[in-house]
Every structure is written in structure tokens, then in C-alpha cells.
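Comments concern the structure below.
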Protein chains: 2
Amino acid sequence: MARAALSAAAVVDVALRLVDEEGVGALTLAAVASRAGVATPSLYKHVRNLAELRALMSARIMDELSERIGSAVLGRSADEAVRALMTAWRDYVLAHPHRYAALGQAPEPRVAEAGERLIGIMLATLRAYDLDDTSVIHAVRCLRAAVHGFAVLEAERAFQRSEKLDETYDMLIRMVVAGLATATPPRR
Amino acid sequence: MARAALSAAAVVDVALRLVDEEGVGALTLAAVASRAGVATPSLYKHVRNLAELRALMSARIMDELSERIGSAVLGRSADEAVRALMTAWRDYVLAHPHRYAALGQAPEPRVAEAGERLIGIMLATLRAYDLDDTSVIHAVRCLRAAVHGFAVLEAERAFQRSEKLDETYDMLIRMVVAGLATATPPRR
DNA sequence: GCTCAAAAGCTAATGCCGTTAGCCTCGGGT
DNA sequence: ACCCGAGGCTAACGGCATTAGCTTTTGAGC
């Protein structure tokens with residue numbers, strides 16, 4: 001082995017800090033290299049190209065998110081678990097809005113791969129409700145849609161009015177919880 | 001006036017067609033210019049720069065979306081109107097997935113400006129429910145979150161399982177409709 | 001019909017970025 | 001003591017956005 005200064009993980013670290021501080025638009029190999037104290041081409045020793053860096057970042061973000069949500073859900077079940085899940089999700093987005101936005105910058109297939117764990121957590125959380133196999137899938141998708149939609153919109157400051165977003169999210173949580181209670185397979 | 005060959009609107013047209021066919025990643029001034037049969041710098045006679053082009057595209061997309069949703073809601077009220085609104089929204093996304101994805105490429109303040117009309121429609125639609133002024137705002141936000149979240153995820157093919165997305169969306173609609181029925185101001 | 005100013009096009013040039021090629025240099029294993 | 005490969009570097013290319021400055025067209029007013 002030679003100098004162990006940098007590594008793929010370290011590059012991702014630097015890139016994430018950069019995005020946190022300056023937004024997704026500032027993510028450039030030149031900027032990452034500069035922060036890492038290295039010439040731009042040197043990054044290619046650790047990362048295949050910009051696209052791969054984005055994918056690695058997305059995977060890392062998904063992992064962080066899954067971990068937080070996973071431990072938030074631990075020991076709770078049913079409605080309480082759903083509330084904890086949704087709250088933890090938003091807390092993460094509020095803590096790292098740019099990071100969450102970066103999730104949307106990688107081509108979805110790769111993010112999806114990294115997100116399998118999170119989906120697993122959601123599936124497990126919803127198992128408390130008596131839904132048949134296909135209904136759980138639909139329910140997880142609805143949960144994802146609601147939470148992710150809110151997260152994206154809040155992260156990009158799309159809610160303009162002065163009403164408190166905390167209250168809006170409370171309402172969304174109640175909506176989802178109520179919806180899950182009455183969830184039956186769609187008739188069609 | 002000189003040759004009226006191009007115009008800001010025409011440039012936006014070309015750009016939208018480009019995005020429809022090749023995705024948001026393909027949006028480049030060079031590509032737009034080539035399609036318009038013009039040299040790249042000529043575009044600057046109609047559009048200030050790439051960022052402005054993106055903003056104009058977003059405004060146009062928002063207008064299209066608002067128009068379709070507006071006419072879908074016409075003559076309906078309450079639950080039926082909400083169902084029509086959500087259905088029209090998704091239909092638009094399915095018809096132009098890349099276009100919908102392009103909405104997220106412009107800095108939100110400008111998209112928001114263009115989206116005021118759509119928010120107005122949603123506010124009007126939800127007036128049928130007996131909500132106080134602040135609750136309507138929260139309700140509109142929840143509706144936006146659910147629909148937009150589903151739209152984004154579907155547009156970027158984030159739903160992997162084989163279950164029918166139509167059925168998932170039915171469930172989401174039922175969830176939202178049920179949620180609106182029981183919407184009370186969050187206590188806190 | 002002629003004129004001419006401005007609108008709308010063009011070419012050339014600049015600078016940033018991603019990416020590749022090829023070289024140099026450590027430092028750990030033999 | 002040697003060597004070899006990991007990990008760094010510089011140089012160079014091509015694509016892109018953007019700017020500067022020129023040329024062409026055209027329609028409005030005479």
C-alpha cells in the first residue's frame with residue numbers, strides 16, 4: 001500500500017460536506033478536489049467519475065436515513081411506529097436539506113438499490129396492520145409518496161405561506177395514520 | 001422588427017420537445033440551438049441564459065398543469081373534485097414524465113411564482129370542506145405533498161415492485177379524501 | 001422605393017469542467 | 001537494497017455557457 005491519504009469513502013465525506021454547505025449546485029469534482037487538498041484528476045484514483053460519486057453519495061445518504069429511521073421505529077408498533085418513522089424522516093431532511101436534495105441527483109436505479117433497506121423498514125413497520133401482501137406494498141408506496149413529497153417540497157422551500165410547517169406535518173401524519181387504518185385493497 | 005424566426009416562446013417550445021424526447025439531462029443550450037437550426041449564441045437574443053430558460057420552461061409546465069387540472073375540476077366539488085384533481089395531475093405526469101422532472105430543475109422561488117395559479121385551484125377545490133383559514137392551507141400542503149411525492153417517484157421509476165401503480169394511486173386518493181373529511185386544525 | 005436603425009443572426013474567443021494519458025514518487029514487502 | 005504498485009501530479013482535449021463584436025435582414029417612416 002502507498003500513502004493512505006484519501007479513499008472512496010473520504011472523497012464521499014468531502015463531497016457531502018461540500019453539498020451541505022454550498023448546495024447540490026456546487027458539487028463539482030474541482031471543488032471536491034480543492035477541499036480534499038488534491039488535484040482534480042487524483043480523484044479518479046478513488047472514484048470512477050462524477051456519476052459514480054453521485055451514486056456513492058446517494059447510497060450513503062440512504063444509509064444514514066435508514067439508520068435513523070430504523071432506530072426511531074425500534075420498540076414501537078402500529079400508529080406509534082408510523083408517527084416515529086415520519087418524524088425521524090423529516091428531522092433528517094431538516095438537519096441536512098441539501099443532502100436530501102442530492103438524493104434526487106443520482107439516476108434512480110442506483111438510489112433504489114441503496115433504498116431497499118429503508119423499504120424493508122417500512123414494510124416491517126406496516127406489518128402491524130392487517131393488510132394482505134399486495135396491500136402492504138401499496139401502503140408503503142403511499143407512505144413514501146406522502147413523506148417524500150413533503151420532504152422535497154420543504155427542502156426546496158416550496159411552501160410559501162406563513163403557517164407553521166410543523167402543524168402541516170402533524171396533519172399529514174394524522175392523514176396517513178387514518179388512511180392506513182382504513183386501508184383495504186383497492187377494488188378494481 | 002427583424003426576422004421573426006425565433007422568440008423566447010419558440011425557444012421554450014424547442015427546449016420542451018428536447019426534454020420530452022431525451023430527458024432533462026439532455027437539456028443544453030447547444031442542443032436547443034441545434035434543434036432550432038441556429039448557432040448557440042443566437043439563443044441569447046431571446047433568453048438571458050440557461051437558468052432563465054429553465055425558469056421559463058418551469059413556468060410553462062406549471063401553466064399546462066394548472067390548465068388541465070383546472071378544467072378537470074370544473075363543475076365538480078368536494079371529494080369528486082379532489083379525485084378529479086389528483087387524477088388529472090397524475091395523467092399529466094404520465095403523459096410528460098420528463099417535463100415533470102424538469103420542474104425540479106429550476107430554483108423553487110421562480111417555480112412557486114408560476115405555481116400560484118395551481119395553488120389557487122387547490123384552495124378553491126378544498127373550500128367545499130368546512131375548514132378554517134389556516135387548516136385549508138395545511139390541507140393544500142398535504143395534498144401537494146402526497147400528489148407531488150407520488151408524481152416524482154413514479155416519474156423517476158422509483159417504484160420497483162410489480163404491483164399496479166394505478167391501484168396504489170387509488171389507495172392514495174382514498175387516503176387523501178378520507179384525511180380531508182376528518183381534517184381538523186392540529187391541536188398544539 | 002430608399003434609408004437606416006435595430007433586431008437577430010453569425011464567428012471568435014474565454015474560462016470552467018469532466019475526463020484521459022502519461023509521468024513521478026513514495027513506502028511496504030521481499 | 002530493491003522494486004512495484006498505489007496514489008499523486010501535469011498536460012491536454014473536448015464540451016459547454018457565456019461574452020464581444022461583427023454582419024445581415026427587415027420593416028417603419030420618409
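Since we're looking at a predicted model, the values are computed, not measured.
Using modelled atom types, one finds no donor on one side chain facing an acceptor on the other under 3.5 Å when comparing B:D63 with B:S66.
Under a 4.0 Å N-O distance rule, the pair B:E64/B:R99 qualifies as a salt bridge. A salt bridge links B:R161 to A:E116: one of the charged nitrogens lies within less than 4.0 Å of a carboxylate oxygen. Using a cutoff of 4.0 Å between basic side-chain nitrogens and carboxylate oxygens, B:E21 and B:R35 are scored as salt-bridged. The pair A:R141-B:E167 fails the salt-bridge criterion, with no side-chain N (NZ, NE, NH1 or NH2) lying under 4.0 Å from an Asp/Glu carboxylate O.
Applying a 4.0 Å cut-off to non-hydrogen atoms, the residues of residues 21-41 of chain B that approach DNA chain C are B:V38, B:A39, B:P41, listed by residue number. Within residues 44-55 of chain A, the residues approaching DNA chain C are A:Y44, A:N49, A:L50, by heavy-atom distance under 4.0 Å.
For D:dC9, one of the phosphate oxygens OP1 or OP2 lies less than 4.0 angstrom from a side-chain nitrogen or oxygen of A:S42.
Linking Ile, Leu, Val, Met, Phe, Trp and Tyr residues whenever their side-chain heavy atoms come within less than 4.5 Å places B:L85 and B:L123 in a single cluster.
With respect to A:R90, the side-chain contact (heavy atoms from CB on, under 4.5 Å) criterion is satisfied by exactly one of A:V147, A:I173, A:L165: A:L165.
Residues A:R76 and A:V82 fail the side-chain proximity criterion, which asks for heavy atoms closer than 4.5 Å.
One can place CG of A:L43 at 11 Å from P of C:dT19, the figure rounded to the nearest angstrom.
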